[in-house]
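Fair warning: this is a prediction, and the values are worked out from it, not measured in the lab.
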Amino acid sequence: MRELKRLCDPSGLLNPGVLLNDDPTVHLRQLKAVPTVDPELDACVECGYCEPVCPTADVTTTPRQRIVLQRQIALATAAGDEERRRELTADYEYAAVDSCAADSLCVTACPVGIDTGAAMKRLRAERHSPRAQRTARTAARHWQAAVTGVRVGLTAAHAVPTPVTRAATGMIRGLGATDLVPLWSGDMPRAGAPRPTPRSAPDAQAVFFAACVGSLFAPEDGSSGGSAAAFLRLCELAGVPLVVPTGTAGLCCGTPWQSKGYPAGHREMAERTLAALWAASDEARLPVVCDASSCTHGLTQLTAALAEEDRARYGALRFVDSVTFTAEHLLPVLPQPRRLGSLALHPTCSTVHLGGIDDLRAVAGAVADTVTVPDSWGCCAFAGDRGLLHPEVTAGATAAQAAEINERDHDAYASCNRTCEMGMSRATGQPYRHVLEVLVEAVEPPA
């Protein structure tokens with residue numbers, strides 16, 4: 001093998017000494033130092049399997065690089081190299097922590113199950129001051145007022161010419177609020193419709209918990225009630241009665257607090273939301289259905305935010321995404337949909353975690369002869385508000401699949417989460433809507 005190597009590479013330029021080495025003691029020298037940095041990250045062997053699924057790979061860093069950089073910071077600290085430590089730490093804030101979509105798709109590819117997204121959330125929590133944590137908890141306690149404030153703000157912003165609003169938000173971001181205030185753009189949605197009013201039914205088959213993101217951001221066409229209204233109408237057409245709990249306007253799946261690193265606010269919302277859903281579901285007799293995949297996934301993680309003694313009480317609650325509920329309970333009894341020729345479909349990372357890809361395809365297939373999921377599909381990195389605060393991340397994450405989608409025209413473009421629809425609409429220039437909005441149009445009786 002060494003002779004062959006010398007014939008192919010007489011100057012020794014190709015990986016010298018890596019696979020073939022003439023030194024019999026090489027295994028005792030040049031050992032790589034791997035300092036411990038985090039109990040959940042220390043198992044990383046830097047294989048890089050996580051990199052192809054990371055939405056920030058082409059923009060900032062990958063999960064492997066985030067871990068390697070932590071190790072380099074630890075080595076610089078141990079060596080007393082303050083300049084290098086300071087330089088790496090300063091760059092790490094944006095390149096690793098702030099830009100991370102925290103979608104945790106990396107854990108699906110990691111051979112040892114490392115969730116780098118969860119680690120970035122912990123780092124976000126560590127840098128928040130006690131005052132910031134208290135503010136986040138206050139927001140959880142007054143979530144209805146907070147959502148109302150955002151909706152009013154969106155309505156007011158749309159009444160002002162786009163260049164003025166863009167300049168104002170740009171100035172605020174220039175003062176250091178880049179992780180709080182988005183840069184205004186002309187494709188920013190208007191405020192959505194309020195969450196559905198309470199309803200009860202003695203023979204209800206499920207509890208419907210409408211996601212607050214639908215009340216924050218109107219759907220792409222701006223005229224319908226979005227995915228919540230679509231799901232309620234589909235249940236009505238299928239003859240499936242639902243319970244809509246009272247007080248949901250002030251409740252949430254908890255994802256904003258968990259993602260941004262506010263554990264106290266996350267626990268506050270978990271306690272309030274789970275208590276309401278426990279009562280509405282008749283102590284877990286009925287499943288709880290949510291109309292946004294990321295929020296459904298967030299609901300499944302709420303019990304982990306509780307104190308250990310409180311987790312058992314709510315452990316029996318069942319959370320089902322509206323797409324899965326539709327595939328299992330509504331499609332078999334709905335009227336035959338009018339079919340489209342083709343539909344471009346964007347699964348979300350939350351759909352992957354929920355195991356709902358087949359259900360999403362089934363619902364899309366019920367309305368279109370051809371359903372296309374791009375070969376280059378991946379997380380859009382909109383990640384709730386990452387795409388608003390750091391649009392360059394979403395642009396990088398969606399570039400390949402947007403180009404693939406736009407190679408041909410489709411009759412409809414669909415996903416299953418409002419902010420992901422916003423990200424894909426921005427990337428492709430096409431009107432992405434919730435797949436249930438497409439379905440309800442296809443089964444509604446002709447006017």
Side-chain angles (χ1 to χ4, degrees), residues 136-148 192-216 225-229 231-236 238-258 262-326 328-330 350 354:
R137 187 171 186 178
T138 300
R141 289 174 177 169
H142 304 283
W143 188 235
Q144 182 175 358
V147 170
T148 301
R195 290 161 95 171
T197 55
R199 64 173 67 179
S200 60
D203 55 346
Q205 295 184 26
V207 174
F208 180 48
F209 183 76
C212 51
V213 68
S215 65
L216 288 171
S227 56
F231 179 71
L232 289 172
R233 179 58 178 156
L234 289 170
C235 287
E236 182 181 342
V240 175
L242 299 171
V243 169
V244 177
T246 58
T248 55
L251 303 177
C252 178
C253 68
T255 300
W257 292 268
Q258 182 196 42
Y262 293 108
H266 192 206
R267 176 178 292 188
E268 176 74 25
M269 187 55 76
E271 292 171 349
R272 296 175 58 238
T273 299
L274 290 174
L277 295 180
W278 180 258
S281 65
D282 191 17
E283 298 184 354
R285 182 179 64 83
L286 299 174
V288 177
V289 181
C290 185
D291 62 310
S293 59
S294 65
C295 301
T296 307
H297 187 225
L299 287 169
T300 66
Q301 298 177 312
L302 274 185
T303 52
L306 299 175
E308 189 171 351
E309 60 270 18
D310 296 328
R311 294 177 189 174
R313 179 183 180 190
Y314 301 117
L317 282 168
R318 293 169 292 152
F319 299 106
V320 182
D321 190 68
S322 59
V323 173
T324 294
F325 189 88
T326 298
E328 293 178 349
H329 301 284
L330 304 185
S350 297
L354 292 167

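- With sequence neighbours excluded, no residue satisfies salt bridge (Lys or Arg N to Asp or Glu O under 4.0 Å) with Asp310.
- Cys252 and Leu302 make their closest contact through O-CD1, 4.3 Å (heavy atoms, listed as atom of the first residue, atom of the second, distance).
- At distances below 3.5 Å, not a single donor-acceptor pair connects side-chain atoms of Thr248 with backbone N or O atoms of Phe209.
- Proximity of Phe208 to Cys235: side-chain heavy atoms (C-beta onward) are nowhere separated by under 4.5 Å.
- Shown here are the side-chain hydrogen bond (donor to acceptor under 3.5 Å, both in side chains) partners of Thr296, two or more places apart in sequence or in another chain: Asp321.
- Distance alone, capped at 3.5 Å, is enough to place a donor-acceptor pair between the Arg311 side chain and the Leu306 backbone.
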Would Phe231 and Leu242 satisfy side-chain contact (heavy atoms from CB on, under 4.5 Å), going step by step from the backbone distance to the final call? CA-CA 11 Å; Phe231 179 71; Leu242 299 171; 3.7 Å; yes

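- In this structure, Leu330 and Ala238 approach most closely via the heavy-atom pair CD2-CB, 3.8 Å.
- Annotation for Ala284 and Arg318: closest pair O-NH2, 3.6 Å, computed over non-hydrogen atoms.
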Intermediate values then yes/no, side-chain contact (heavy atoms from CB on, under 4.5 Å), Leu317 and Thr303: CA-CA 10 Å; Leu317 282 168; Thr303 52; 5.9 Å; no

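- Between the side chain of Arg195 and the backbone N or O of Ala228, no donor-acceptor pair lies under 3.5 Å.
- Among residues two or more places apart in sequence or in another chain, the salt bridge (Lys or Arg N to Asp or Glu O under 4.0 Å) test is passed with Arg233 by Glu236, Glu444.
- Scanning all heavy atoms of the two residues, the minimum distance from Phe325 to Val320 falls at N-CG1, 3.8 Å.
- Remark: side-chain polar atoms of Ser281 are paired, donor with acceptor, to backbone N or O of Trp278 under 3.5 angstrom.
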Step-by-step side-chain contact (heavy atoms from CB on, under 4.5 Å) determination, Thr255 to Ser294: CA-CA 8 Å; Thr255 300; Ser294 65; 5.6 Å; no

Test side-chain contact (heavy atoms from CB on, under 4.5 Å) on Val244 and Thr197; report intermediate values, then the result. CA-CA 7 Å; Val244 177; Thr197 55; over 6 Å; no

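- Considering every non-hydrogen atom in both Val207 and Ala280, the closest pair reads CG2-O, 3.4 Å.
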